[in-house]
Amino acid sequence: MNFSVPTEAFIVLSMVLFVLGAMGVMLRKNAIIVFMSVEMMLNAANLAFVAFARQWMHLEGQVFVFFVMTVAAAEVAVGLALIVAIFRNRNSTNIDALHQMEG
Amino acid sequence: MYTAPTLDFFGQLNLGVALPALAVMFGSMIVLLMGLFVPRERRHSVPIAALSLISAGFIMTLFTFNPPDAEAFGGMYRGDAFANMLNLIVLATAFLAILGSTDYLRMTQINHPEYYTLLLLSTSGAMIMAGANDLLLIFIALELLSIPLYVLAAFRTTDGTPTDEVSSKSQESGIKYFILGAFSSAFFVYGAALVYGATGTTNLNAVAEAVQGLAAAGDFGTAGTLLLLGAALILVGLGFKVAAVPFHMWTPDVYEGSPTPVTAFMSVAAKAGGFASLLRIVAVGLAALAVRPEEAAAWQPAFQLVAILTLVLGNVVALAQNNLKRMLAYSSIAHAGYILMAVAAVGSAPLVEGIGDSAAQSILIYLAAYMFTNLGAFAVVSAVEREDGSGVMLDDLNGLFNTRPWLAVAMAIFMLSLTGIPLTAGFIGKYLVINAAVQAGLIALAVVGVLTSVVSAFYYMRVIVNMFLRSEAEGVALPVVGQPLLVAVYASMAGTLVLGILPTLLTGLVNLVQLV
Amino acid sequence: MSFELILFLALAGLAVLFAVGMLLSENAVHSALFLIGNFGCVAVLYLMLEAPFIGMVQIAVYAGAIMVLFLFVIMLLGAEQTTDTTRRFRWLTGAATVLAASFFSAIVAPIVLGGVVLPTPVQQGAMVRFVHAAGIPNDQAVNLTVSGGSLSEPLVLSDLNFGDVSPFFQLEAGTYNALVQTVDGAPVMPPAQFRVEDGTTGAASVIVFGEFNLDRGTFPMLSLLPQDFTPTAHNSARVLIFNAFGDPSLGLADLGPNQVVDTRRRSALDENGEPVVDDNGQPVQITTMDDPLLVPFTGAFTLSQPATVPSGTSAYALVDEQFNVVKPLFDFNLAQSNEHLIIVAPDYLQFGAGPGRYRPTVLRDPNLSIQLSAPFGSPASIGQVLFTDYLLPVNVVGMLLLVALVGVVVLTRPDTEKQDRRIVRRRKVSRPLTSVISTQTGGSITDEAPKLPQPQSND
């Protein structure tokens, strides 16, 4: 089947977004920005799923995306609660300041 | 092609085989409600309810241990012997962890009943991961296993120290675990997307069929490349969970900062669930993914490399640790390496008949042995740990034999088992795992395993030397050890010895395991 | 360069720009807004990818709930200004870039350069069911045995009466043999063959077997009628007619409120619009209908083209070419999003001892209408799948959300027990002043060391 926009294009785009997100996690120090980068990585994976779902004309990819979104929402809630709890103690969201345990 | 599913589906659900995992999952809601409405004086009933739920799950698992028709929910969940054996291991982990938690929570003033709910839900996540036959269910169960652990790692919100040192360590471990865990599950999802793109399905059996079709056609092509990349990303995602190198960065900090019973649970349950899913994915789904037919799987070299790195790094860095919890963390990394040896051995499935099943059986026995040993060791650690988090350095164990002889003997047995000395469970586990690697033809890997075992003896023996041959520091009072914790220690010690001396008690069950 | 390609390139570029902006921005609120923009672009891409439900859920959940939660937390903590503009370690940036580039090229290069062919779905067989539409004298039940093709053992359908429809069976492509026998084993008609092709998406076929009658000549014993699961428009149904009766071509007409076929006679017109004149010079009159036929005339033993008609319960009629009603269908329900196969079969009727005759009957088995799938990617289709195939993941995700709820409460609730303990400690310090002072100035530290009252910082 021929789509006007080939599936490979979507995969390349999702790859770019995934790598950008991974770089964000590794390079940024602010916990909230790191977390937003993780969300972007999940989003890129979702895009790959939907593109493949159309390639295979099979709903399974879209259902997976539905579940990933739900899980991401739960994760965000817990993660932000953790960040709020830490911030109450330290007044900073810089994860580089979290180095009490060394070794 | 997709067709509208019929309501006849509900007759094919086969709930019976999934009942243990579902019972624990839904029963934890009852524990949650109990925790909300029970008055403070009777708060001890919550862990008792949790323990009874776990026992009920245990009995249910034994009843349907090896069902003839194990597929449930339309092929999503397989309640076969492998899943049930893992259910038993995880349930025992939760049981011993709860026994060790009650007094610890009271001592550190974090006696919130939600602890037990989160622990039970994490247990049910591991149980579902064990039987999950579809990448979607593996992902969701992985999150159900992990998210409660993120919260539990940060559970110490109060402590007795003026500077809030311990609670801030706990929070730090929680957020580190969380960020790296979320990072790794994003890798897992992308890997699952690539596998889906290559095969058009996420069900592991259907993936296996597609892989065999590829292998038979001899055309590796795009689909094969995508599958290989997907497998690599899935390994990254699950590798974080089981603390394989180079995804192990979080382990020492998280193990040190979390409350000790949480660390105990996490060290076994996360590994059990993670390895169960990893094993199912590679053994059922990707076993035949070879570049040419009748060749070992294409992903085997990568797994071998990761196993070697994990073994070496875990054992070598543990030598330099002074903190008991950090030492046990690195030892945990090393043990993940041993299990990875058996997982890598599955890659020889096209060459060696039945290696998938024998590797699975060896991993199950290893996990059972590791469960008893590690839980016991962490139980002893929480027995000597003080309210402000001190008392867990290696030097604090000096002369433990004089002050608490039975704890010292138990700890000695656990250390021997972790090393792999015969007559302990650890030896049986290591023997089987190395045997699986040799059967698969991975001789170099087996040699590395044996050598690193020898290296590990050094830091395990150091603990024993400290306990028996050194004398204790002056004027320091050990905390009183509560009854449940003692029961946990003795039960773990008994389990370690019994499994080591009479392994046939467990191998009879494990021999029923047939993964592929 | 179609419109879709241009749209894709624009959206992709925009999404990447937003992503880079999110990474490089110093202000956390700006980062969040860039990420919302990224999510919006991806949502439009989902619409392009035939996933309307997922696209809307992306906007509602991701951009609308998750990012709003982020913004709330940023504002709550007052953490807009991020202080990490300086690079930590140069080598880490370099390593990350190298890692990213290698990962990228490992995947993109073969795709872009290699002329890679992504696997496509393989069509497999078809779903086939069997309908007994043969008017057999003595009205007996028959057994149908299907063998050959990919069947490892013959498929036997026993005790089929006139008008029975069997359930669907999945048959691979190939040639099959069918044998129809009476219950005692006597053959009703010679064995016949039918061929199954690889089906198109969601194809199902119906095999009708009819008996030949000496008077009427032979007609096909077995006809494979392809049906289709592709979705139809809202509030409509799809109708097919299979004319197994024979001679008059039949069409489906709507009877309307007065329940007659509205016909009128008018002059026939040729292609130029001129009235046609017969040999005597008289204009030829033909009967026409004002409203067009719902299903056009279907010849003997043929399957009509599928026609989309408005759904509902109404009165219809099968009419022949002179618009005489051959068989009325009162209170005939055409359910929406269903495909209805109307089989006109010869029913053998015998009155008394004389010879019987055949009468056209419309088979009324409700299974002859198949439920069409909802359009690909629509909410209905995802809902259809979620609560049947994906029941367990839905439940587990529910527990996951419960975990998130409990976790958030545990992590962020104020520590009332800590406050209680401070109050308890303060109450315990009711000793005389002198002992308090002496403990403050030294001595051993015990657990009960009295603390000066602290201002409550935890609310």
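A, B, ... follow the sequence lines: proteins, then strands. Residue 1 opens every chain. Quick caveat, the model's predicted, so the values are computed rather than measured.
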Atom group of C/Val406 that falls short of 4.5 Å from chain B, counting heavy atoms: side chain
Pairs satisfying salt bridge (charged side-chain N to carboxylate O under 4.0 Å, His left out), at least one member in residues 109-132 of chain B, at least two apart: B/Glu114-C/Arg413
Heavy atoms from other residues, nucleotides or ligands near CD1 of B/Ile30 exceed 12 (cutoff 6.0 Å): no
Close side-chain approach of B/Val151 to C/Val403, heavy-atom, < 4.5 Å: no
B/Met76, part contacting chain C, at a heavy-atom distance under 4.5 Å: side chain
Residues which pass ring-ring contact (aromatic ring centres under 6.0 Å, His included) with C/Tyr46, listed by chain and number, not counting sequence neighbours: none
Approximate separation, where rounding is to 0.5 Å, of B/Asp134 CG and C/Tyr390 OH: 6.5 Å
Residues in residues 115-128 of chain B that sit under 4.5 Å from chain C, counting heavy atoms only: B/Leu118, B/Leu121, B/Ile128
Set of side chain to side chain contact (heavy atoms under 4.5 Å, CB included) partners for B/Ala206, sequence neighbours left out: B/Thr201, B/Asn203
Part of B/Leu22 lying under 4.5 Å from any heavy atom of chain C: side chain
Heavy-atom closest contact (B/Met29 atom, C/Leu402 atom, distance): CG-CD2, 3.8 Å
Spacing of CG belonging to B/Leu137 relative to CG belonging to C/Leu392, to within rounding of 0.5 Å: 5.0 Å
Atom pair CG/CG of C/Asp389 and B/Leu136 - distance to nearest 0.5 Å: 11.0 Å
